[in-house]
Protein chains: 2
Amino acid sequence: MADTRRNSALRELTRQAVRARIAEAAMALFVANGYERTTVDHVAESVGMSARSVFRYFPTKEDMVVGHLDEVGVKIADALEARPTTESAWTAVRHALKHHIEELAADPETNLAIATMLIDAPSLLPALLAKQARWVDGLAPNLTQRLDGPLNLRPLKARAIAFAALACLNNAVDEWTRTGGAKPVGRTLDALIAAVRG
Amino acid sequence: MADTRRNSALRELTRQAVRARIAEAAMALFVANGYERTTVDHVAESVGMSARSVFRYFPTKEDMVVGHLDEVGVKIADALEARPTTESAWTAVRHALKHHIEELAADPETNLAIATMLIDAPSLLPALLAKQARWVDGLAPNLTQRLDGPLNLRPLKARAIAFAALACLNNAVDEWTRTGGAKPVGRTLDALIAAVRG
DNA sequence: GCAATGCGTGTCAGTGACTGACAAGTCCGT
DNA sequence: ACGGACTTGTCAGTCACTGACACGCATTGC
């Protein structure tokens with residue numbers, strides 16, 4: 001009976017499609033002309049809709065860049081859940097991050113372009129860090145179970161480790177970007193984690 | 001006499017005084033009415049000047065809150081320089097952070113009020129994290145000298161450790177705020193650092 | 001003393017990110 | 001064909017922020 005459910009599923013599908021289309025166009029403009037110099041009106045025009053409608057798909061301009069990072073965070077969290085419970089917190093996160101790294105390396109060209117754009121868009125750094133801070137919320141619960149010591153401290157420890165691991169990841173990716181994709185992220189990441197634990 | 005030197009020094013002095021005055025008034029309004037609900041016009045009116053002039057003292061509204069964090073970062077960096085060169089990177093930062101913690105504990109009332117305001121001002125979290133990211137720039141050079149291993153990796157390692165240490169600090173301070181100042185920050189910080197290295 | 005200079009400030013106009021409200025159009029099941 | 005759910009454009013308005021200009025006040029040079 002052509003229930004409203006199929007209807008809403010379809011709407012959600014097209015909605016996601018439009019969203020992706022906007023994000024793609026926006027990223028292209030940002031990479032080409034720089035983030036700050038590209039106005040939302042430009043993006044809107046390039047997709048053929050009004051700026052008001054663009055804001056119906058993205059809460060902020062920043063979200064056109066960092067919006068997809070939410071699902072990246074979820075993916076990393078999933079990868080973490082998939083690790084055997086016997087693994088220590090650090091080894092588990094390290095492996096969970098590897099998956100994300102492989103995605104980076106899969107399309108180096110695009111990702112390097114994006115990373116380069118981020119560098120001269122200082123207003124995006126805060127947004128980026130804030131997104132990653134939210135990743136910690138997804139990682140901490142699982143990490144908590146891999147820790148010992150006083151119960152009330154474990155969640156805190158888990159968050160600290162998660163942050164530290166992401167800091168290692170960021171620096172490894174930065175180095176990768178700086179060297180134009182030469183240095184493999186995975187190796188650097190391992191070295192940094194070892195240093196932090198040193 | 002009345003040389004130009006005294007003159008410009010005096011100007012700088014009054015400038016800093018006005019700046020402090022604005023920051024104070026702004027913080028009072030932010031704590032009382034919330035950051036987002038307080039407009040720059042409100043702040044300007046409360047100090048008796050035009051909004052345009054307020055922006056001559058603070059580059060952004062955020063800076064009225066996090067502006068002083070620049071010098072905090074410098075202080076921590078100085079404290080780090082003061083540690084004996086024989087100390088390992090981790091022990092040196094740990095001690096450097098202790099100084100900052102003491103300042104927090106020195107005026108718990110005000111600092112708790114500020115910390116509480118920050119919680120329901122989501123737009124400030126990114127700015128906060130970005131400021132701390134800049135702290136890393138100040139800490140890394142000294143930490144680099146305390147590391148071994150391949151030369152080209154040391155600066156990267158230093159940054160990772162600095163970030164990790166700040167993550168520990170943040171979580172310790174958060175816990176302190178959450179418990180209304182009950183749990184001493186220093187103890188939690190030590191526990192978290194131990195966990196990260198564990 | 002008096003003009004010149006420098007600096008702080010207010011005002012005004014303008015941009016860009018965002019929001020609320022309303023009207024018009026489209027798609028869908030009935 | 002009708003009604004409702006959903007999408008979109010338009011318009012007006014807020015708020016952070018910026019550049020330009022003019023005024024006033026204090027210090028400086030003569």
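Every chain is numbered from 1, with letters handed out A, B, ... down the list of sequences. It should be emphasised that the depicted structure is a prediction, and the values quoted were computed from it without experimental measurement.
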- Query: Under 4.0 Å between a Lys/Arg side-chain N and an Asp/Glu carboxylate O for B/D148 and B/K157?
  - Reply: no

- Can you find a side chain N or O atom of B/Y57 that sits less than 4.0 Å from OP1 or OP2 on C/dG8? no

- What's the CE-P distance between B/M64 and D/dA16, to the nearest Å? 8 Å

- Message: Expressed as a whole number of angstroms, how long is the span from B/E36:CD to C/dA17:P?
- Response: 19 Å

- In terms of heavy-atom contacts, does CD of B/E24 have more than 12 from other residues, nucleotides or ligands at under 6.0 Å? no

- Item | Side-chain (A/K75) to main-chain (A/H99) donor-acceptor, under 3.5 angstrom | no

- Note on the structure: Rounded to whole Å, NZ of A/K61 lies from P of C/dT19 at a distance of 15 Å

- Query: Rounded to the nearest Å, what distance is computed from the CZ atom of residue B/R37 to the C1' atom of nucleotide D/dA16?
  - Reply: 18 Å

- Message: Between C/dG6 and B/R11, counting only base atoms on the nucleotide and side-chain atoms on the residue, is there a donor-acceptor pair under 3.5 Å?
- Response: no

- Separation of C/dA17 C1' from A/E62 CD (nearest whole Å): 10 Å

- Task: For atom CD of A/E103, decide whether the heavy atoms of other residues, nucleotides or ligands shown that lie under 6.0 angstrom number more than 12.
- Result: yes

- Taking CG from B/L13 and P from C/dC7, how many angstroms apart are they, rounded to a whole number? 17 Å

- Would you state whether a donor and an acceptor, one from the side chain of B/R52 and one from the base of D/dG19, lie under 3.5 Å apart? yes

- Message: Side-chain N or O of B/S53 versus OP1/OP2 of C/dG8: is the shortest distance under 4.0 Å?
- Response: no

- Task: Go through C/dT9, C/dC18, D/dG9 for me and flag the one nearest to the A/F55 side chain.
- Result: C/dC18

- For B/F58, which contact category applies under a 4.0 Å heavy-atom criterion: base, sugar-phosphate, or nothing? nothing

- Message: Measuring from the side chain of A/S50 (C-beta onward, heavy atoms only), which nucleotide among D/dG9, D/dC21, D/dA16 has the closest atom?
- Response: D/dG9

- Salt-bridge criterion met for A/R134 and A/D137 (N-O under 4.0 Å): yes

- Query: With sugar-phosphate meaning primed atoms plus P, OP1 and OP2, does A/T38 contact a base, only sugar-phosphate, or nothing at under 4.0 Å between heavy atoms?
  - Reply: sugar-phosphate

- Item | Within 6.0 Å of CG in A/D78, more than 12 heavy atoms from elsewhere | yes

- Just compare C/dG10, D/dT8, C/dA17 and give me whichever is closest to any side-chain atom of A/V40. C/dA17

- Item | Closest listed nucleotide, where the reference is the side chain of A/T39 and the choices are C/dG16, C/dT11, D/dG9 | C/dG16

- When the distance from CD of A/E45 to C1' of D/dT8 is rounded to whole Å, what number comes out? 17 Å

- Task: For the side chain of A/M49, starting at C-beta, report the closest nucleotide among C/dG8, D/dT8, C/dT11.
- Result: D/dT8

- Counting side-chain heavy atoms from CB outward, which of C/dA21, C/dC18, D/dC17 is closest to B/T60? D/dC17

- To the nearest angstrom, the CZ-P distance between B/R56 and D/dA16 comes to 17 Å

- Task: Using a 4.0 Å heavy-atom cut-off across all strands, classify B/R15 as base, sugar-phosphate, or nothing.
- Result: nothing

